[in-house]
There are 2 protein chains.
Amino acid sequence: MQALFDYFEQFKVLSETEKQAITATCSIKRVEKQEMVETSGSTSNTIYFLEKGIARIYYYKDGKDITEYFALSGNLVARVQSLFTQKPSPKAIQMLEAGELIAINATQFFQLFDTYPGIERLFRLMLEASYLESVERIESIQFHSAKERYETLLKEMEIIQKVPLKYIASYLGITQVSLSRIRANYLPNDTQIS
Amino acid sequence: MQALFDYFEQFKVLSETEKQAITATCSIKRVEKQEMVETSGSTSNTIYFLEKGIARIYYYKDGKDITEYFALSGNLVARVQSLFTQKPSPKAIQMLEAGELIAINATQFFQLFDTYPGIERLFRLMLEASYLESVERIESIQFHSAKERYETLLKEMEIIQKVPLKYIASYLGITQVSLSRIRANYLPNDTQIS
DNA sequence: CTATTCCTTTAACAAATGATAAATAATGAG
DNA sequence: CTCATTATTTATCATTTGTTAAAGGAATAG
């Protein structure tokens, strides 16, 4: 549980009381590789913190498996659209590497906002950060070639090397075949062609 | 000023006192077509509500003018990255149609959070909505062709017809020439080819 | 109204990515 | 370990989008 509060600490807003209140909404869950953390069709009521392991959010579009998001350990994962709108989600969360999750009960967590303004502030600040990340990802998709996006992803998430290629392709918005092609042509910057 | 509070009303969180407190952070500004509302290089300290008119956020990338966002009347516009990080922004806000803005002083507005939790909640809820919009735009860019994105934009924002094509192309992540080509080939769904 | 400037379209060709299919390679169950 | 399954690469061809250049239209200042 400590890792979660280390994560929250960057926002420097929680009092001890608030931390305790949050703790009461959390539970720990051990998960296997390939395990489904949340399945498509359900309405989300949980925010996960990934203590260890790798997860992805994915959905099916026109029969194709699309990876929307990769989560590495030390980060939060949630099906936010469903969480905020309280509608069933077409998306699912799946482990790509075994690990351990902290599951935050969102209903309970959101109720704390009325009693502890510091917790609502924490959430607001996390939202700001996520929103900026999202805006940056738009820019990345919109104005970079598939090759550039792949190189950026490699830099940002070295651990991505553990993830099957087929999941990465859809995250980058291209086909598996295109990604394979890009990798085949890919030469690191310091490679000399003689 | 009423239009702004009508907009806020959808979130149903503000008391009268809170509305008055917000009013004190606002000023009204009349703006001409083509007028620069905020210029590149400055650090943003203002959230705008567009009472009337059309605005865009844009920046230069590799010497090219890139439209990041179109704002239609009845919506908020802000250079959020700069606002949240308090760093100078490479982005600018420009009017495409003359109109009237409500300028919210962000420093003052954010300070109200400590006194009025309802105002912080309002902001949190607006952030949630913007974040979801942003996630949806990622999906739109990533898994739709330029043609599909153009059609979607037409449906979402009819007023976009007033906006010069060259600004729309970069918003869609394509070149002006490609957009022109798409429009040339474009036939509405109910058109019969005989 | 006219001239200039800016915007949009068109054309021709290049480059990137998609679709499909088949060949290898890697992985996991038994 | 071996077989069956799954993942990745390679190949070929089609399609989309980019690049550059030029021509045609629209808007605006004077």
Side-chain angles (χ1 to χ4, degrees), chain A residues 31-36 54 56 58 60-67 70 94-98 138-154 159-187 193, chain B residues 32-36 53-54 56 58 60-67 70 94-98 138-154 159-187 193:
Chain A
V31 281
E32 297 308 314
K33 184 168 180 169
Q34 306 282 25
E35 184 173 335
M36 300 304 303
I54 302 179
R56 70 174 185 129
Y58 75 97
Y60 284 93
K61 184 184 179 71
D62 303 331
K64 289 174 197 158
D65 176 313
I66 304 285
T67 296
F70 288 115
Q94 178 189 33
M95 296 305 297
L96 295 178
E97 294 286 333
I138 290 175
E139 206 178 302
S140 154
I141 297 171
Q142 198 155 23
F143 305 111
H144 292 89
S145 66
K147 181 174 176 179
E148 289 170 321
R149 278 176 270 153
Y150 177 64
E151 288 172 15
T152 303
L153 185 65
L154 280 187
I159 311 175
I160 222 75
Q161 313 259 8
K162 292 184 191 167
V163 169
L165 194 65
K166 58 173 183 170
Y167 296 147
I168 298 178
S170 63
Y171 178 83
L172 294 174
I174 54 176
T175 61
Q176 220 181 115
V177 176
S178 280
L179 180 53
S180 185
R181 198 157 29 193
I182 287 166
R183 278 158 51 115
N185 296 335
Y186 180 69
L187 296 171
I193 303 169
Chain B
E32 296 309 312
K33 184 168 181 170
Q34 306 283 24
E35 183 173 334
M36 300 303 303
I54 303 178
R56 68 174 186 129
Y58 75 98
Y60 284 94
K61 185 185 180 69
D62 304 332
K64 289 174 196 157
D65 177 313
I66 304 285
T67 297
F70 288 114
Q94 178 188 32
M95 296 306 296
L96 295 179
E97 295 285 334
I138 290 175
E139 205 176 302
S140 155
I141 296 171
Q142 198 155 25
F143 305 111
H144 292 88
S145 66
K147 181 174 177 178
E148 288 170 321
R149 277 176 269 153
Y150 177 65
E151 288 172 17
T152 303
L153 184 65
L154 279 188
I159 312 176
I160 221 72
Q161 313 258 10
K162 293 185 193 168
V163 170
L165 194 64
K166 58 172 184 169
Y167 297 145
I168 298 178
S170 62
Y171 178 83
L172 295 174
I174 55 176
T175 61
Q176 222 180 112
V177 175
S178 280
L179 180 53
S180 185
R181 197 156 32 193
I182 287 165
R183 278 158 52 116
N185 295 335
Y186 180 68
L187 295 171
I193 303 171

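Not measured: the values here are computed from a predicted model. What you see below is based on every heavy atom in this structure, not just the backbone, and it leaves out hydrogens, waters and symmetry mates. In what follows, chains are A, B, ... by sequence order, proteins preceding strands, each numbered from 1.
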Checklist entry - Out of dT9(D), dT10(C), dC7(C), which has the shortest distance to the side chain of A184(B)? => result dT10(C)

Checklist entry - Does the side chain of D65(A) come within less than 4.5 Å of Y60(A)'s, by heavy atoms? => result yes

Item to check | Sub-4.5 Å side-chain heavy-atom contact between I174(B) and I182(B) | outcome: yes

Checklist entry - Starting at the 5' end of DNA chain C, which residue's closest nucleotide do you reach first, Y167(B) or L179(A)? => result Y167(B)

Checklist entry - What's the OH-P distance between Y150(B) and dT16(D), to the nearest Å? => result 17 Å

Item to check | Whole-Å gap separating C1' (dG18(D)) and CD (Q176(B)) | outcome: 13 Å

Checklist entry - Please give, in whole Å, the distance from dT17(D) P to Q142(A) CD? => result 14 Å

Checklist entry - Given dT9(D), is OP1 or OP2 found less than 4.0 Å from the side-chain N or O atoms of R183(A)? => result yes

Next on the checklist: Between P on dT27(C) and NZ on K166(A), what's the gap in Å once rounded to a whole number?
Outcome noted: 13 Å

Checklist entry - What is the distance from CD1 of I182(B) to P of dT8(C), rounded to the nearest Å? => result 15 Å

Checklist entry - Counting side-chain heavy atoms from CB outward, which of dT9(C), dT17(C), dT8(D) is closest to R181(A)? => result dT17(C)

Next on the checklist: Rounding to an integer number of Å, can you tell me how far F143(B) CZ sits from dT17(C) P?
Outcome noted: 15 Å

Checklist entry - Are R56(A) and Q94(A) side-chain neighbours, meaning at least one heavy-atom pair lies under 4.5 Å? => result yes

Next on the checklist: Checking R149(B) against T152(B) for the side-chain hydrogen bond (donor to acceptor under 3.5 Å, both in side chains) test, could you report, in this order, the C-alpha distance in whole Å, the side-chain angles of both residues, the deciding distance, and whether it holds?
Outcome noted: CA-CA 5 Å; R149(B) 277 176 269 153; T152(B) 303; over 6 Å; no

Checklist entry - Do any side-chain nitrogens or oxygens of S178(A) fall under 4.0 Å of OP1 or OP2 in dG18(C)? => result yes

Checklist outcome for this item: Of the listed dT9(D), dC6(C), dT10(C), the closest approach to the V177(B) side chain comes from dT10(C)

Checklist outcome for this item: Taken to the nearest whole Å, CG/L165(A) to C1'/dA25(C) is 13 Å

Next on the checklist: Measuring only between side-chain heavy atoms, which start at C-beta, is S180(A) closer than 4.5 Å to R183(A)?
Outcome noted: no

Item to check | 5′-ward residue of the pair K33(B)/T175(B) relative to DNA chain D | outcome: T175(B)

Next on the checklist: The side chain of I174(A) is closest to which nucleotide in this list: dT8(D), dG18(C), dA21(C)?
Outcome noted: dG18(C)

Item to check | Atom-pair distance (CG on L96(A); P on dT27(C)), nearest Å | outcome: 15 Å

